[in-house]
Amino acid sequence: RNLASASSEVVCRRAVDILAANPADLPFVAIYLCEGQQRRANLSASAGVTEHKLNLPAAIDLDDVISFPGAAYPSAYPSVFPLEHLDLFSTVVGTSGSPLREAIFLPVRGMTGPLGFLFAGVSPRKRIDSRYHAFYAQIADELGEALRASGMLQREAQLLAEAEAERLKLRELFRQAPAGMMMLQGPNHEIVLVNEKYVRLIGRKSQADLLGKPLAVALPEAVNQGLIELLNEVYRTGNPFWGNEMKASLDREESHQHT
């Protein structure tokens with residue numbers, strides 16, 4: 001389950017490391033990841049390949065039904081293949097000294113299609129029955145779950161990074177604006193952005209006097225001038241209000257003047 005916090009490539013590498021710890025049941029294992037919307041899957045991680053003299057391709061053409069029968073139709077293909085029918089191997093011998101004769105090829109499923117494929121050797125000590133099929137299916141399902149979670153976390157991190165970049169861009173626009181500007185948020189009209197020109201305009205000492213405070217607290221003189229009511233209406237209806245040369249009385253603290 002901890003695999004979900006990693007990238008897809010790291011998820012595959014860690015999964016293979018875990019599976020390789022039991023070569024008697026999994027003589028070799030390889031994980032291929034699909035490449036976006038293309039009809040191609042790339043080898044992401046493998047174990048037992050060198051020991052068993054496998055000549056695995058770096059990528060699978062999902063339409064090449066000769067090398068990997070059924071890869072183009074992962075919902076309907078038979079999952080177990082005799083190794084001698086695949087042009088990928090020399091003689092493959094298991095840990096018990098018995099030759100490996102079969103491999104299993106399973107889709108690692110996503111929400112709308114395969115995320116990749118699990119290709120693994122079938123132990124000569126095991127009989128291909130429903131329990132053995134279920135064993136491989138569980139591996140593929142858990143790998144798919146980790147990859148889906150990994151993809152969602154990566155997307156979430158990407159969205160957070162994009163949002164932070166937008167916030168920084170907005171702050172810079174505020175800082176460079178030729179006029180005083182302030183941004184409010186929420187029903188209490190909390191001040192979330194204000195530039196130095198606005199701070200000087202209203203006679204406050206710094207942005208810290210304003211940021212994080214409701215407008216009615218930061219500028220109490222605005223309450224009795226109808227400004228809060230205007231903002232309440234804008235917040236309630238979502239309709240903008242345009243004020244042209246509206247007069248407002250401000251208590252300029254730095255000079256103790258009421259302007």
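Values below: all heavy atoms of this structure, side chains included; hydrogens, waters and symmetry mates excluded.
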Between [X] and [Y], which heavy-atom pair has the shortest distance, and what is it?
{"X": "Ala218", "Y": "Lys213", "result": "CB-CB, 4.1 Å"}
{"X": "Leu43", "Y": "Ala30", "result": "CD1-CB, 3.8 Å"}
{"X": "Ala47", "Y": "Ala20", "result": "CB-CB, 3.6 Å"}
{"X": "Pro187", "Y": "Tyr235", "result": "CD-OH, 3.4 Å"}
{"X": "Val122", "Y": "Tyr136", "result": "CA-OH, 3.6 Å"}
{"X": "Arg204", "Y": "Ile202", "result": "NH1-O, 3.1 Å"}

Tell me whether [Y] is reachable from [X] by hopping between hydrophobic residues (I, L, V, M, F, W, Y) whose side-chain heavy atoms are closer than 4.5 Å.
{"X": "Leu219", "Y": "Phe174", "result": "no"}
{"X": "Ile31", "Y": "Phe135", "result": "yes"}
{"X": "Ile228", "Y": "Leu230", "result": "no"}

Hey, does the side chain of [X] reach the backbone of [Y] with a donor-acceptor pair shorter than 3.5 angstrom?
{"X": "Asn195", "Y": "Leu173", "value": "no"}
{"X": "Gln207", "Y": "Val194", "value": "yes"}
{"X": "Glu221", "Y": "Ser249", "value": "no"}

From [X] [atom1] over to [Y] [atom2], what is the distance, rounded to the nearest 0.5 angstrom?
{"X": "Arg236", "Y": "Leu231", "atom1": "CZ", "atom2": "CG", "answer": "13.5 Å"}
{"X": "Asn232", "Y": "Asn188", "atom1": "CG", "atom2": "CG", "answer": "9.0 Å"}
{"X": "Tyr32", "Y": "Arg40", "atom1": "OH", "atom2": "CZ", "answer": "11.0 Å"}
{"X": "Cys12", "Y": "Leu33", "atom1": "SG", "atom2": "CG", "answer": "4.0 Å"}
{"X": "Leu115", "Y": "Leu143", "atom1": "CG", "atom2": "CG", "answer": "8.5 Å"}
{"X": "Leu215", "Y": "Leu227", "atom1": "CG", "atom2": "CG", "answer": "7.5 Å"}

Quick check: do [X] and [Y] have side-chain heavy atoms less than 4.5 Å from each other?
{"X": "Glu9", "Y": "Ser44", "result": "yes"}
{"X": "Met183", "Y": "Leu170", "result": "yes"}
{"X": "Leu184", "Y": "Ile191", "result": "yes"}
{"X": "Tyr198", "Y": "Leu193", "result": "no"}
{"X": "Val199", "Y": "Leu210", "result": "yes"}

Residues Glu164, Arg167; criterion salt bridge (Lys or Arg N to Asp or Glu O under 4.0 Å); working and verdict: CA-CA 5 Å; Glu164 180 61 22; Arg167 282 193 291 268; 2.8 Å; yes
What pairs of residues pass the side-chain hydrogen bond (donor to acceptor under 3.5 Å, both in side chains) test when at least one of them lies in residues 168-182, not counting sequence neighbours? Glu172-Arg175, Glu172-Gln176
Considering residues, nucleotides and ligands other than Glu229, do more than 12 of their heavy atoms fall under 6.0 Å from its CD? yes
Inspect the surroundings of CD in Gln185 and state if more than 12 heavy atoms from other residues, nucleotides or ligands are less than 6.0 Å away. no
Using 30° and 60° as the class limits, which term best fits the ring planes of Phe105 and Phe119: parallel, tilted or perpendicular? perpendicular
